[in-house]
Amino acid sequence: MSAPVRVRFAPSPTGYLHVGGARTALFNWLYARHQGGKFILRIEDTDKQRNTAEAVQVIYDGLRWLGLDWDEGPQAGGDHGPYFQSEREAIYEKYFQRLKEAGHLYEDGGAWRFRFRREVVEVDDLICGKVAVDFANTEITPDMTIRRPDGSWIFHFVNVVDDIEMQMTHVIRGEDHLSNTPKHIQLFQALGVEPPRYGHIPLILNHDGSKMSKRDQGASITSYIEGGYAPEAVRNYFCLLGWSPKDDREIMPTEEIISRFDLANVNRKGAHFDIAKCDWFNAQYIQQMPMDRYRELAQPWLAKAGIHAPAEQLDPVLALEKMKVVHFKEIPDRVSFFFNEDYEYDPAAVEKTLRKPGAPDRLAQIAEAYSALETFDAATLEAKLKELASSLGVKPAEFIHPTRIAVSGRSVGPSLYHMLEVLGKARVLARIQQTRERFAA
RNA sequence: GACCCUAUCGUCCAGUGGCCUAGGACACUCCCCUUUCACGGGAGUAACACGGGUUCGAAUCCCGUUAGGGUCGCCA
């Protein structure tokens, strides 16, 4: 029986979580969950300059937002800690002595270098296949530095030591590390340890194919959190960037993705990031979302806009926009007029419709007709409005448009009759009255 | 520059020698639904980078070219 799978995500705290890093974490997590293994988080903070509590927090927040829980690591514990490289000095020292005593190291300008064996090293990558690098070519493979003159460590060395100590069985990381892997394998061999299996996933590029950097749209996970996305939608979209279930399934529950995910199905081609498709996923998820979850995700945005209401008042209003919302961020603006009697009137709509000759009469007529109603539901309201229009020999639109603007201040919004029903008779009549007074010709 | 990876619609994927006059999704265009805006339904535009092989047969295999990306750090 082979050892249980152990994979890790090992970010450096740079102050932001890149979409590519998040996708790497996601693929590691999916693989661990698929295999019933462990997903470990390790913070590679050897560069003390940029190691701040805030920078680490950004990583935790991003991973948690995406629902990527780690089995071992900071705040989770585990038997292979500490999980911050800055706290593993003694371990690195021990491995350094081993390499030194075995004659693999030499000093150069105060720094310590690892002497490569000058031979062909082959990586049997789970995604890229066999990749060979010829170390006889010293041009591209100069002996690598593993320790600086000040005693601090270089990435390659601590990365390998930690992967050994933490007993990683697979290393799934970005393709930018593919060229580093033969070097790492040499380190494993010098230490007498069997290297893990490797899988290098292609990078994520901008929509136009250029390299994605910090400021580009969609590059930072924070931008999704702050942009009003549903984490489950973003996660689903990310899964499909470089991986596919091979049939035409796209919107899939996480459990299905976990059961179908495999490294062998990961693409070798770099994916171009498309925010428009990500938005479509978000809209689809919102449409299919249970009301409780929809409200839960909408509430922080409503609160930010000063809109507080109990679920029984919120839900009917939110339901009206469920098929239209793309980002939760839009919700306050879409529904604000429901919670405020001093809603603003769109000047263009007023000019185009309310100022039209006859509009004030239509408002008076519809108000009168509706005031007589005992049942105030969408179907009744629609029937009544159409009956009124027909009796006067005019088109329903002559009533629909002024009424919409009278009660909401806008020319676009939810279905009119449903909107009136949710508003309720008293508020509808009051709003029409208020509008008539305000825009009396 | 050297080395490595990659190459199907604008984008994400399907396609692992015949089922491909290349399929799905996003985006875009048009139509229907709807007297708002959307959703939804239908239709359409649109791709095998190029050149050589191998083969009865190639998007699929091989070689080259070109293009894109990555790596060559006392960054991670």
Side-chain angles (χ1 to χ4, degrees), chain A residues 10-14 21 43-47 49-50 85 108-113 123 125 127-129 131-135 137-142 144-156 158-159 173-183 200 202-212 237 239-251 265 267-281 283-284 286-287 320-326 334 349 353 385-386 389 395-401 403-405 408 410-416 419:
Chain A
S12 177
T14 58
I43 306 296
E44 303 215 331
D45 57 348
T46 54
D47 184 347
Q49 294 300 92
R50 54 191 189 188
Q85 289 188 329
D108 175 21
W112 287 89
R113 285 181 182 275
V123 183
D125 193 273
I127 295 164
C128 301
V131 179
V133 170
D134 188 358
F135 279 76
N137 181 350
T138 54
E139 287 288 305
I140 56 165
T141 58
M144 76 176 159
T145 306
I146 65 163
R147 189 174 204 178
R148 302 187 189 87
D150 68 0
S152 60
W153 309 100
I154 300 297
F155 157 75
H156 302 289
V158 292
N159 184 271
R173 55 183 13 170
E175 195 190 354
D176 49 334
H177 285 296
L178 185 56
S179 297
N180 291 150
T181 301
K183 302 175 192 174
H200 288 89
L203 272 17
I204 296 177
L205 308 171
N206 284 316
H207 191 263
D208 65 3
S210 62
K211 186 182 177 180
M212 193 179 247
Y237 173 67
C239 285
L240 265 16
L241 242 29
W243 173 82
S244 116
K246 300 298 178 192
D247 54 23
D248 293 331
R249 297 272 292 149
E250 290 202 313
I251 294 184
N265 288 345
N267 267 121
R268 298 195 196 182
K269 188 174 66 169
H272 293 199
F273 182 81
D274 185 8
I275 194 74
K277 185 142 187 181
C278 188
D279 286 348
W280 178 79
F281 267 89
Q284 289 294 311
I286 291 171
Q287 281 183 33
L320 251 21
E321 293 288 294
K322 198 159 181 275
M323 306 304 273
K324 306 182 182 191
V325 175
V326 177
R334 284 178 177 275
T353 306
L385 184 145
K386 286 182 172 167
K395 288 187 289 189
E398 289 212 27
F399 287 99
I400 290 171
H401 298 303
T403 306
R404 167 184 298 288
I405 295 161
S408 72
R410 321 168 173 197
S411 56
V412 300
S415 155
L416 177 68
M419 171 165 70

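A note on names: the letters A, B, ... follow the listed sequences, proteins ahead of strands, and every chain is numbered from 1.
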Keeping A:T403 on the side-chain end and A:F399 on the backbone end, is there a donor-acceptor pair under 3.5 Å?
yes
What is the nucleic acid contact for A:E321, judged by heavy atoms within less than 4.0 Å: base, sugar-phosphate only, or nothing?
nothing
Are OP1 or OP2 of B:C37 and a side-chain N or O of A:R410 less than 4.0 angstrom apart?
no
Using the P atom on both, measure B:C13 against B:A7 and round to a whole Å.
11 Å
Under 4.0 Å, heavy atoms only, any strand: does A:I400 hit a base, just the sugar-phosphate, or nothing?
base
Could you check whether A:S244 gets within reach of a base, just the sugar-phosphate, or nothing at all, counting any heavy atom under 4.0 Å?
sugar-phosphate
Measure from the side-chain heavy atoms of A:Q284 and tell me the nearest of B:C12, B:A76, B:G40.
B:G40
Would you classify A:A132 as touching base, sugar-phosphate or nothing, given that sugar-phosphate means primed atoms plus P, OP1 and OP2, and contacts are heavy atoms under 4.0 Å?
sugar-phosphate
Residues passing the ring pair (Phe, Tyr, Trp, His ring centres under 6.0 Å) test with A:F273, sequence neighbours excluded, are A:Y237
Report, as a single string ordered 5' to 3', how protein heavy atoms within less than 4.0 Å touch nucleotides 22-32 of chain B: B base, S sugar-phosphate only, - not at all.
--BBB------
With sugar-phosphate meaning primed atoms plus P, OP1 and OP2, does A:G242 contact a base, only sugar-phosphate, or nothing at under 4.0 Å between heavy atoms?
sugar-phosphate
Is a donor on one side and an acceptor on the other found under 3.5 Å between the side chain of A:R268 and the backbone of A:I127?
yes
For the side chain of A:K324 and the base of B:C39, is some donor closer than 3.5 Å to an acceptor across the two?
no
Whole Å only: how far is the CG atom of A:D279 from the C1' atom of B:U11?
14 Å
Over all strands shown, is A:K246 touching base, sugar-phosphate only, or nothing at heavy-atom distances under 4.0 angstrom?
sugar-phosphate
Rounded to whole angstrom, note down the P distance from B:U6 over to B:C61.
11 Å
Do any N or O atoms from the side chain of A:S408 and from the backbone of A:R410 form a donor-acceptor pair under 3.5 angstrom?
yes
Polar side-chain atom of A:N267 near backbone of A:K269 as donor-acceptor pair, under 3.5 Å:
no
Among B:U36, B:A76, B:C12, the one nearest A:N180 by side-chain distance:
B:A76
How is A:H401 classified with respect to the nucleic acid when contacts are heavy atoms under 4.0 Å: base, sugar-phosphate, or nothing?
sugar-phosphate
Applying a 4.0 Å non-hydrogen cut-off, can you work out what A:T141 is touching in the nucleic acid: base, sugar-phosphate, or nothing?
nothing
Backbone of A:K246 reached by a side-chain donor or acceptor of A:S244 within 3.5 Å:
yes
If you assign A:H207 and A:P414 each to the RNA chain B nucleotide with the nearest heavy atom, which residue ends up on the more 5' nucleotide?
A:H207
Across all strands, who's sitting opposite B:C3 as a Watson-Crick or G-U wobble pair, both distances under 3.5 Å?
B:G70
Expressed as a whole number of Å, how far does the P atom of B:G24 sit from that of B:G15?
15 Å
Reckon A:P142 touches a base, only the sugar-phosphate, or nothing at all at heavy-atom distances under 4.0 Å?
sugar-phosphate
For B:G40, give the paired nucleotide (Watson-Crick: N1-N3 plus N6-O4 or O6-N4; G-U: N1-O2 and O6-N3; both under 3.5 Å), or none.
B:C32
Would you say A:R148 reaches B:C75's phosphate, i.e. side-chain N/O to OP1/OP2 under 4.0 Å?
yes
Once you apply a heavy-atom cut-off of 4.0 Å, does A:D108 come out as touching a base, just sugar-phosphate, or nothing?
base
Tell me: CZ of A:R404 to C1' of B:C37, nearest whole Å?
8 Å
Out of B:C74, B:A76, B:G69, which nucleotide sits closest to the side chain of A:H156?
B:A76
Please answer whether the main-chain N or O of A:G413 pairs with a side-chain N or O of A:K324 as donor and acceptor at a distance below 3.5 Å.
yes
Can you tell me, in whole Å, how much space there is between the P of B:U11 and that of B:G69?
14 Å
Quote, to the nearest angstrom, the P distance that separates B:C62 from B:C4.
16 Å
Under 4.0 Å between a side-chain N or O of A:N267 and OP1 or OP2 of B:A14?
yes
I'd like the C1' distance from B:G41 over to B:A67, given in whole Å.
41 Å
Applying a 4.0 Å non-hydrogen cut-off, can you work out what A:D134 is touching in the nucleic acid: base, sugar-phosphate, or nothing?
nothing
Assign B:C72 to syn or anti; the rule is syn for a glycosidic angle within 90° of 0 and anti otherwise.
anti
Residues at least two apart in sequence or cross-chain that pass ring pair (Phe, Tyr, Trp, His ring centres under 6.0 Å) with A:H177, listed by chain then number, are A:F155
Would the distance check show the side chain of A:K395 and the main-chain N or O of A:A389 forming a donor-acceptor pair, the cut-off being under 3.5 Å?
no
Side chain to side chain contact (heavy atoms under 4.5 Å, CB included) evaluation trace for A:H200 with A:T181:
CA-CA 10 Å; A:H200 288 89; A:T181 301; 2.9 Å; yes
Using a heavy-atom cut-off of under 4.0 Å over every strand shown, decide if A:I140 touches base, sugar-phosphate, or nothing.
base
Which nucleotide, if any, forms a Watson-Crick or G-U wobble pair with B:C48, using both distances under 3.5 Å?
none
Hey, which of these two, A:V412 or A:E44, hits RNA chain B nearer its 5' end, going by closest nucleotide?
A:V412
According to a strict under-4.0 Å criterion, is A:S179 in side-chain N/O contact with OP1 or OP2 of B:C5?
no
When the C1' atoms of B:C28 and B:C5 are considered, how many whole Å apart are they?
33 Å
Measuring only the C1' atom in each nucleotide, how far is B:A58 from B:C63? A whole number of Å is fine.
15 Å
